Amino acid sequence: MWGLHLKQKGRWWHYYRSVPREFADVERKPLISFSLKTGDFSEAKRMAAEISVRLEQDWRAAKARGVSLCAQDVAERYRAAAALQRSHGFEPKSALDLTDAELLDRLRLLIIGQHSAPEQKALLGLTPEPQFSLSDAFDRFWDYIKDEWIRVSHDQQRVKRNIYLKAIRNFEEAIGALPFQKVERSHAVQFRAWWVERVKEKGLKPYTANREINSLRRMFGVNYDIDGLSTTNPFSGVRLKETAEVARIPLETEQIVGLAKPGALPALHDDFVRLLRLLINTGMRPVETVCIVYDRDQAGQDGAAKAVELIEAQGLTATVFAWDAPVSRGQRGDVFIPAAVGDLADMSSKQIQWLRERGLL
């Protein structure tokens, strides 16, 4: 009967109700139907009314908790399952990753409490993990960090975006088109090995490889944050050494005097000629002084690469400030310099001093 959610089939009355649209994401079945095991209409009305009240309470409670365990979107359903596990004091895990003790704790909770079938699956780690491509992961990442681009020009956004997309293309060329969830530490190490060979064969600089590895590490970390996962980042700590140990041969006095003469180093920028004279006059070591800080855009990176070549051609050692490398480690993972900071002029003197104290600048 309409409004009472009753339907008679044979001698028994049945509870018969379509799930309201507003609760479709917390109730998997589109239709609730079962026998009340009574042929008495008055009794059936009383039972149906109690069932309706209880159902709506359960639906609204699940809605209030944000438990979209029956959502059509797989990623949303997985996030809801992880949130439910945390709400009961459990670390979000799949059934395959649970220890015997963890499984027993979850089973005890299910025995003593009232939980719907979707909630039971979620607590036992049986909600399937979403599978999406690295490009999908990038789209989620890029949308999440859009607050970083508020004061950044369109060209700067385009340059930064292309760095991430190129890193993904190179990773898939080296390792294959793996789903985001299937990328493991071994794949990150393989990608590093692929870059080591490429640097050797094509004469590239290690910081080019590290820029892509850092980009992938951040993309993975942000995606884990979006889903509220404590998963270990497969790219954490993976990088190439950027400065090779070069044996320095002491220069004769005549050689030093020759280098200090005007016009002796025509291929070197005037700033670096002055720096060389500073080293000669003060006795400072090059490794303590030559740290190239370039603008964060592509032109700056190209300029830094050229500067490194010129400096190393003179037998000196140069390092390049890594804009995309983590500067510290927080509770939620690696901490990076915001993308809105394009050069040192965007930093305060205290921020620059902080970087220097930690040997990053």
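Source: prediction; values computed, not measured. For the single chain, residues carry numbers from 1 onward in sequence order. These numbers come from the heavy atoms of this one structure, side chains and all, not from hydrogens, waters or symmetry mates.
Partners of Ser52 under the side-chain hydrogen bond (donor to acceptor under 3.5 Å, both in side chains) rule, at least two apart in sequence or in another chain, are Tyr15. The side-chain hydrogen bond (donor to acceptor under 3.5 Å, both in side chains) check on Ser42 picks up nothing, with sequence neighbours excluded. By the ring-ring contact (aromatic ring centres under 6.0 Å, His included) test, Trp194 is found to be paired with Phe191, residues two or more places apart in sequence or in another chain being considered. Scored by the side-chain hydrogen bond (donor to acceptor under 3.5 Å, both in side chains) test, Asp40 finds no partners at all (sequence neighbours excluded).
Counting heavy atoms from C-beta outward, Arg169 and Lys166 have side chains that approach closer than 4.5 Å. Contact check for Lys241 versus Pro206: no side-chain heavy atoms found under the 4.5 Å cut-off. At a threshold of 4.5 Å between non-hydrogen side-chain atoms, the residues Met219 and Tyr144 do not count as touching. For the pair Leu110 and Leu124, the minimum side-chain heavy-atom distance is below 4.5 Å. You'll find the side chain of Val238 reaches within 4.5 Å of the side chain of Arg185, heavy atoms only. Counting only heavy atoms from C-beta outward, the side chains of Gln157 and Arg161 never approach each other to under 4.5 Å. Using a 4.5 Å cut-off on side-chain heavy atoms (C-beta onward), Trp13 and Glu43 make no contact.
Nearest heavy-atom pair across Thr127 and Ala81 is OG1-CB, 3.5 Å. Taking each heavy atom of Trp12 and Gly39 in turn, the nearest pair found is CE3-N, 3.6 Å.
With rounding to the nearest 0.5 angstrom, the CZ atom of Phe220 is 13.0 Å from the OG1 atom of Thr232. One distance of note links CG of Leu134 with CZ of Phe141; it measures 13.0 Å at 0.5 Å rounding. Between atom CD of residue Glu119 and atom OG of residue Ser87 there is a gap of 8.5 Å, rounded to the nearest 0.5 Å. Rounded to the nearest 0.5 Å, atoms CD (Gln190) and CD1 (Ile175) are 4.5 Å apart. The distance from atom CD1 of Ile213 to atom OG1 of Thr208, rounded to the nearest 0.5 Å, is 11.0 Å. Atoms CD1 and CG, from Ile51 and Leu36 in turn, are 5.0 Å apart once rounded to the nearest 0.5 Å.
Both tests hold for Arg198 against Trp195: distance to the six-membered ring centre under 6.0 Å, angle to the ring axis within 45°.
Side chain of Asn210 to main chain of Arg239: no donor-acceptor pair is present (N/O by atom type, distance under 3.5 Å, no hydrogens or angles). Without hydrogens or angle criteria, Glu212 side chain to Ile163 main chain gives no donor-acceptor distance under 3.5 Å. The main-chain N or O of Ser133 is found under 3.5 Å from a side-chain atom of Asp136 such that the two form a donor-acceptor pair. Between the side chain of Arg140 and the main chain of Val222, no donor-acceptor pair closer than 3.5 Å is present. Between the side chain of Asp143 and the backbone N or O of Asp139, no donor-acceptor pair lies under 3.5 Å.
Screening residues 94-110 for side chain to side chain donor-acceptor pair (under 3.5 Å) gives Gln85-Arg106, Lys93-Glu102, Ser94-Asp97, Thr99-Glu102, Asp105-Arg108 as the qualifying pairs, with residues at least two apart or on separate chains.
Leu31 shares a hydrophobic cluster with Tyr16; the chain of contacts runs through ILVMFWY side chains whose heavy atoms sit under 4.5 Å apart.
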(request) Kindly indicate, with the supporting measurements, whether the criterion side chain to side chain donor-acceptor pair (under 3.5 Å) is fulfilled by Asn233 and Arg217. (result) CA-CA 7 Å; Asn233 195 315; Arg217 177 172 57 243; over 6 Å; no
